[in-house]
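To find a chain, count down the sequence lines: A is the first, B the second, and so on, and within it residues start at 1.
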Amino acid sequence: MPPKKRTRSKSTRHDAQLCEGSDDVAQLKTGKRNRSAAVTSDVEKNKNDDAIKSSYSHWLMKSEPESRIENGVDVKFGIEDLKALPSQTGCWDGVRNYQARNFMRDMKVGQQAFFYHSNCKEPGIAGLMKIVKEAYVDHTQFDKKDVHYDPSSKADNPKWSMVDVQFERMTKRFIPLTELKKYHLQHKAKGGPLKDMALFTRARLSVQPLTSEEFDFVLSLENEDPI
DNA sequence: GCCAACGTTGGC
DNA sequence: GCCAACGTTGGC
């Protein structure tokens, strides 16, 4: 990979800010994962957490496709902007929420994610991308000029991570939030794959996991007429 | 542009 | 460690 060069396009507020993908940033060390196992129930709980975590295999990532100026910078970054990058690949920087960050740290190369358009005229799923590089240090946390500069993060113990994503394809049709919501309500009432979808149960989370069942159902909608 | 929901901060 | 105040998200 060439030396990293930010393509100053960007996405959602706390969500993600995209730049050209890069390999020249040190991999994030997961040095603090070993917890002392003083209490058996804690050990079991951690095992369960890990099992649940590793069961997530698909993702939904939000970004803003319409121009909006934040601290003097346009945060627009829609799926077309990802597609336009070299190798159609960018790093999903700018995530400043711990849960969203942790989900990114769980991502594995090759996994698929929905590209979700948020805070725009028509919110919804626009396409598919895949993870091409697992979590590493988000350099923008140290950049004073960056919208998502975090003065509390120290170089010897970075707080924030990002992954690289590559455009895969547009969905055959745009799948609007309103439609997903109808299914969610329907499934909540009578059962169905979207009854617990994070998009509705964890509305403000910018990086969210989907179960295979959720992912498959949402993807199947591209072959159906809108409801 | 409004504002409900909810995550974060900081005083105590 | 509680919780009120504050800030952000994101649909509408």
Rounding to an integer number of Å, can you tell me how far Met61(A) CE sits from dG10(C) C1'? 18 Å
Just the rounded figure in Å: distance from C1' of dC6(B) to CG of Leu205(A). 11 Å
Answer yes if the ring centres of Phe115(A) and Trp59(A) are under 6.0 angstrom apart, and no otherwise. no
For the side chain of Asn97(A), starting at C-beta, report the closest nucleotide among dG7(B), dT8(C), dG10(C). dG7(B)
OP1 or OP2 of dG11(C) versus the side-chain N and O atoms of Tyr116(A): is any pair under 4.0 Å? yes
Rounded to whole Å, CG of Leu199(A) lies from P of dT9(C) at a distance of 16 Å
When the distance from CD of Gln208(A) to P of dG7(B) is rounded to whole Å, what number comes out? 12 Å
Using OP1 and OP2 only, check whether a side-chain N or O of Lys62(A) sits under 4.0 Å from dG10(C). yes
If you check the Thr178(A) side chain, which of dG7(B), dC12(C), dG11(C) turns out closest? dC12(C)
Take the protein atom CD1 of Ile125(A) and the nucleotide atom C1' of dG10(C), then report the distance between them rounded to whole Å. 16 Å
Which atom names give the shortest non-hydrogen contact between Phe77(A) and Ser63(A), and what distance separates them? O-OG, 2.5 Å
Test applied, side-chain hydrogen bond (donor to acceptor under 3.5 Å, both in side chains); reference residue, Glu168(A); option that passes from Gln88(A), Gln112(A), Lys130(A): Gln112(A)
note: Lys181(A), atom NZ; dG10(C), atom P; distance rounded to Å ~ 14 Å
Listed nucleotide nearest any side-chain atom of Tyr98(A), set dT8(C), dG10(C), dT8(B): dT8(B)
Does the side chain of Asp196(A) pick up a donor-acceptor pair with the side chain of Thr201(A) at under 3.5 Å? no
How long is the line joining CH2 of Trp160(A) and C1' of dT8(B), in whole Å? 10 Å
Taken to the nearest 0.5 Å, the spacing of Leu128(A) CG from Phe215(A) CZ works out to 5.0 Å
Nearest to the Pro123(A) side chain among dG11(C), dG10(C), dC6(B), which nucleotide is it? dG11(C)
dG7(B) OP1/OP2 closer than 4.0 Å to side-chain N/O of Arg202(A): yes
From CG of Leu60(A) over to P of dG10(C), roughly how many Å is that when rounded to an integer? 10 Å
